[in-house]
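Residue numbers start from 1 in every chain, and the chains themselves are labelled A, B, ... in the order their sequence lines are given, proteins ahead of strands.
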Amino acid sequence: MAESSFDPSQADGRWQRAWDEAQTFRADSGSSKPKSYVLEMFPYPSGRIHIGHVRNYTMGDVLARYKRMRGHEVLHPMGWDAFGMPAENAAMEKGVHPGQWTRANIEHMKAQLQRLGFALDWSRELATCEPEYYGHEQALFLDLYEAGLVYRKESEVNWDPVDQTVLANEQVIDGKGWRSGAEVEKRKLSQWFLKITDFAEELLEGLGALERWPDKVRLMQENWIGRSQGLQFSFTLSTGEPLAVYTTRPDTIFGASFVAVAADHPVARAAAQGNPSAEEFIALCKRGGTTAAELETAEKLGFDTGVTARHPFTGEALPVYIANFVLMDYGTGAIMAVPGHDQRDFEFATKYGLAIPRVVADSVAQASDPFGVGAESGEGVLVNSRFLDGMGVDEAKAEVIRRAESESWGEGKTVWRLRDWGVSRQRYWGTPIPFIHCATCGVVPAPKESLPITLPEDVDFQTPGNPLQRHEVWKRVECPQCGAEATRETDTLDTFVNSSWYFLRFASQPADRPFDPEEVAKWLPVEQYIGGVEHAILHLLYARFWTRALRRMGRLEVAEPFASLFTQGMVTHETYARRGADDGRQSFFSPEEVERSSDRAVLKADGFPVEIGRVVKMSKSKKNVVDPDTIVERHGADAVRWFMLSDSPPERDLPWSDAGMEGCARFVHRLWRLFGQYDAGAEGTEDKPLERKTHQTIAAVATDIEALGFNKAVARIYELTAAVEKAAPAASRSRAILTLVQLVAPMMPHLAEEAWQKLAQPGLVADAPWPEVDPALLVEDEVTIAIQHMGKLRDTLSAPKGASKADLEALALASEKVQRSIDGAAIRKVIVVPDRLVNIVT
RNA sequence: GCGGGUGUGGCGGAAUGGUAGACGCCGGGGACUUAAAAUCCCCUGACCUUUGGUCGUGCGGGUUCGAGUCCCGCCACCCGCACCA
């Protein structure tokens, strides 16, 4: 066979067209084959594909192609999470309409994805910003409303007083608006909520069945949902009013030394009446951001209201503080503070000179031990607590609840950390919430026939705030109940709503309904879902909730959308920077601008060195990005795909390296040369070791792909390649070469098709079956036994597989090296692990 | 701050409680070539008195015949924290 080189710039496009023409990856829901739904989290169309997307989609692609080879009918779709803030930012900065910007990005990114040869069913492509998608979402939202899962309530937002705009958390930097720089305030707005808390128990219990989810994700969701058993009871205040508090540590009730309420608690507001300093303190609490991280890292501050609360057991008058670390959203918005056994309370008590009683100790004898640097929140026995003294923490909790209930001043209560999902966004580029505000009828749902309620096109982004709210024409509508003039809801839905059901729409796309239950039932649950860990909680919890809500409404059979979840790591790159001589600030350089040698990096422009910084997630701000297009153009899609799979385990970060990328490109060509040595008519003696290696590799690669251990599969393929290269020409060798083509087909599909054709195999390798394994060839007959003395390796010996313990022991003792190490000492014990090792203990 | 994770050669990593470093990258040496590129072969954890030995999986302890792996306590970094997606 004549030598010719593999040219990806020709081959990639040719095979991509061939798959497209043959509609190879079109999913047929009518197929009788077993079905597999392989899904990667759909991208936000930011403009260009990021190398992280390439990694994510390559993993899914390998699995999708492998499943096809294993005889499955595979659904592997792609779409666009197309609503969101960046489009509005682009509109403000460049004056381009969000829709135009988004659609142009989609077009560009789709072409980029297609150049990578992904086995996607593009006929099911969807974009959440199109009325054909969000109109159905509006219908589903109305269904949820009818099911009683949608309601309105007041909730806080970040308010920029200068721009007169609601800010996202990421737009608040150090408590200030990102554009205006003004101090951000918390402001209350009436907003739409989904009752995810109705499903708290279900979502928690359901985690148990998600066996193919990472434990860490299940644990994070469990903690997020946060079921706690505690006591809710009321203090009687010195004003005569009751004050309800909730505590998860009723056992420590005798250690309470003060009571604290949230800044917007009615008790706080009452205290502020005619008290300017209390008012000032509440205003102080309203400044700054709304995030939990900010609230909890902020210095603990309080204000003594002068009101006291009567302790239910001791009758002691406890001071009532307004405190910035108490949240109105959790429990009752008021706490009994036990500084000895809660760190936040401890810090607060220390700052304000309040008592820190000890009520839990390691033993009864240590009842008066002083505290160290912080609170002690661990296990122990109760002390200084009257009837609880000597009890364990759990026993004491139960006892306090029992007494509270029998004396009817409190009750045991399960409280969830999970809060209802606020879905209102005061923005243009999102799904309009299908409701109408009427002066007489109130808030009424838009009639289903009026859907989709589409976004107006004529909007301006030069003024801050929500363009929908300013759009007098779009807003004006007839009240569906009384026919009077009314206005549309101008809030749009959180983009997490868009991604909470897109996997259903991929499975079934009727024009008149969101999805067809029967079609959905054929594909769901998703066999393998792949995406970043950053979605471990919110997106995945919301999608689970949405699916369960639809099931409760009788719209779906399936309870959990994703049978198996995989969270992949980020792609990272080292950074190149120089520090400015005057201000000391770092300016970054892109890899393109830098010449990297083994121990240093210089700027191409001036030949002087730049600082090589840490290896971090690729980001525009650090300029440590690599453009997929450039790399694909330079090395071909297969080499890039191979690099994405090599070396780093998929759940970990993948450090980009040009050298590693080039190594992958070399391997593509090395394989091509080897494939060229295939000889269909090869004769000669059978090469048993090669046959064995070939079959062991088929089995190992299959296991590795199924477990998404791509880096291990890659290593096995390297080994087999080296073994085939070394082997003498024979029928076994040619069989191994053909096998190799099939093994790399899911990973390097273009090379594999090219080789498949060159080796005169029928059809497309994409349609070929996965090679069969001969189980007889998987077993080795000789094994290497490690010989240790006192746990230290002294020798290795070869022995027949399955040799008896006595034989192995004799063999070990016969070793000269072992005897030298023992040096005549008395043997006390010999540990023999069959087929593994012998350890001699003296 | 709270919740979750990660840590092994120069680098990415491999290793059911049983030979630590498979495989890849970098680096070194050699072959081929007028030369270079490409390709192929060999070496490549550190140290030492080098046919051998000692040390070595973030740090400090522990369990075990045997620990990268299990237990306890630290450290560093990464992810999430409800309006980024």
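Heavy atoms only, all atoms of each residue included: A:P45 and A:M109 are closest at CA-SD, 3.5 Å.
Counting any heavy atom pair closer than 4.0 Å across all strands shown, A:S46 reaches no nucleic acid atom. Within 4.0 Å (heavy atoms only), A:W421 reaches no atom of the nucleic acid at all. Using a 4.0 Å heavy-atom criterion, one finds that A:Q788 contacts the bases of the nucleic acid, with or without backbone contacts as well. Base engagement by A:T784 is indicated by at least one non-hydrogen atom pair under 4.0 Å involving a base atom. If you check every strand for non-hydrogen atoms under 4.0 Å, A:F325 touches nothing. Across all strands, A:G422 comes closer than 4.0 Å only to sugar-phosphate atoms, never to a base (heavy-atom distances). Among the protein residues, A:R417 comes within range of the nucleic acid bases, having at least one heavy atom under 4.0 Å from a base atom. A:H535 comes within contact range of at least one nucleobase, with a heavy-atom separation under 4.0 Å. Here A:P43 lies out of heavy-atom contact (under 4.0 Å) with every strand. Counting non-hydrogen atoms under 4.0 angstrom, A:L219 reaches the backbone sugars and phosphates but no base. Here A:A536 lies out of heavy-atom contact (under 4.0 Å) with every strand. Base contact: A:V157 has a heavy atom under 4.0 Å from a base atom. As judged by a 4.0 angstrom heavy-atom cut-off over every strand, A:T796 is placed among the base-contacting residues. Among the atoms of the strands shown, none is found under 4.0 Å from any heavy atom of A:V830.
Remark: A:S646 is not in phosphate contact with B:G24, judged by side-chain N or O atoms under 4.0 Å from OP1 or OP2. The phosphate of B:U6 (OP1 or OP2) has no side-chain N or O of A:R652 nearer than 4.0 angstrom. The phosphate of B:G18 has neither OP1 nor OP2 within less than 4.0 Å of any side-chain N or O from A:K792. Within the structure, every side-chain polar atom (N or O) of A:N711 is placed at least 4.0 Å from both OP1 and OP2 of B:G12. Between A:N839 and B:G18 there is no side-chain polar atom (N or O) within less than 4.0 angstrom of OP1 or OP2. Taking side-chain N and O atoms only, A:R419 has no distance below 4.0 Å to OP1 or OP2 of B:A82. An OP1 or OP2 oxygen of B:U16 is reached within less than 4.0 angstrom by no side-chain nitrogen or oxygen of A:R836. The phosphate of B:A15 (OP1 or OP2) has a side-chain N or O of A:K712 nearer than 4.0 angstrom.
When both pairing distances are held under 3.5 Å, B:C2 makes a Watson-Crick or G-U pair with B:G80. Across all strands shown, B:U19 remains unpaired; no Watson-Crick or G-U wobble contact has both distances below 3.5 Å.
Here A:R344 does not pair with A:E347 in a salt bridge; the nearest charged N to carboxylate O distance is not below 4.0 Å. Salt bridge status for A:K195 with A:D420: absent, with no side-chain N to carboxylate O gap under 4.0 Å. A salt bridge links A:E489 with A:R152: the distance from a Lys NZ or Arg NE/NH1/NH2 to an Asp or Glu carboxylate oxygen falls below 4.0 Å. Salt-bridge formation is detected for the pair A:R820/A:E816: a Lys NZ or Arg NE/NH1/NH2 atom is positioned less than 4.0 Å from an Asp or Glu carboxylate oxygen.
Here the separation of B:A22 from B:A15, taken at their P atoms, is 13 Å to the nearest Å. A distance of about 22 Å separates the P atoms of B:U44 and B:U39, rounded to the whole Å. Spacing between B:C74 and B:G80 at atom C1', rounded to whole Å, works out to 24 Å. Atom name C1', nucleotides B:A31 and B:A38: the rounded distance is 14 Å, in whole Å. For the C1' atoms, the distance from B:U8 to B:G13 is 9 Å, rounded to whole Å. To the nearest whole angstrom, the two P atoms, one in B:G56 and one in B:G10, are 15 Å apart. B:A14 sits 15 Å from B:G45 when the C1' atoms are compared, rounded to a whole Å. Nucleotides B:C55 and B:C71 place their C1' atoms 25 Å apart, quoted to the nearest Å.
In this structure, A:K300 fails the cation-pi test against A:F348, since its NZ or CZ atom is not both closer than 6.0 Å to the six-membered ring centre and inside 45 degrees of the ring normal.
Each of A:L793 and A:P655 was matched to the nucleotide of RNA chain B holding its nearest heavy atom; the match closer to the 5' end belongs to A:P655. Along RNA chain B, the nucleotide closest to A:K726 and the one closest to A:V217 are compared, and the more 5′ of them pairs with A:V217.
The side chain of A:R666 approaches B:U39 more closely than any other nucleotide in the set B:U39, B:C84, B:C79. Distance from the side chain of A:R670 is smallest for B:C40 among the nucleotides B:G4, B:C78, B:C40. When distances run from any side-chain atom of A:Q426 to the nucleotides B:C83, B:A85, B:G13, the shortest one goes to B:C83. For A:K829, counting side-chain heavy atoms from C-beta on, the closest listed nucleotide (B:C83, B:C65, B:A82) is B:C65. Out of B:A85, B:G3, B:U19, the shortest distance to the side chain of A:D81 is found at B:A85. Counting only heavy atoms from C-beta on, A:E719 has its side chain closest to B:A22 among B:A22, B:G12, B:C79. Nearest nucleotide to the side chain of A:D647, out of B:G12, B:A85, B:C26: B:G12. The side chain of A:Q191 sits closest to B:C83 out of B:C83, B:A85, B:C81. In this structure, of B:U19, B:C79, B:A82, it is B:C79 that holds the atom nearest to the side chain of A:E534. The side chain of A:L418 approaches B:A82 more closely than any other nucleotide in the set B:G24, B:A82, B:C83.
Looking at A:R427, its side chain comes within 3.5 Å of the base of B:C83 through a donor and an acceptor atom.
Between the side chain of A:T495 and the main chain of A:F83, no donor-acceptor pair closer than 3.5 Å is present.
Remark: aromatic rings of A:F199 and A:W546 are distant, center separation not under 6.0 Å. Between A:F6 and A:F675, the distance from one ring center to the other does not fall under 6.0 angstrom.
The glycosidic torsion of B:G13 lies more than 90° away from 0, placing the base in the anti range. For B:U54, the base is anti relative to its sugar; the glycosidic angle deviates from 0 by more than 90°.
In this structure, A:M220 atom CE and B:U6 atom P are separated by 10 Å, rounded to whole Å. Remark: P of B:G1 and CG of A:L327 are 17 Å apart, rounded to the nearest angstrom.
Remark: the A:Q677 side chain and the A:E725 side chain contain no N/O donor-acceptor pair separated by less than 3.5 Å.
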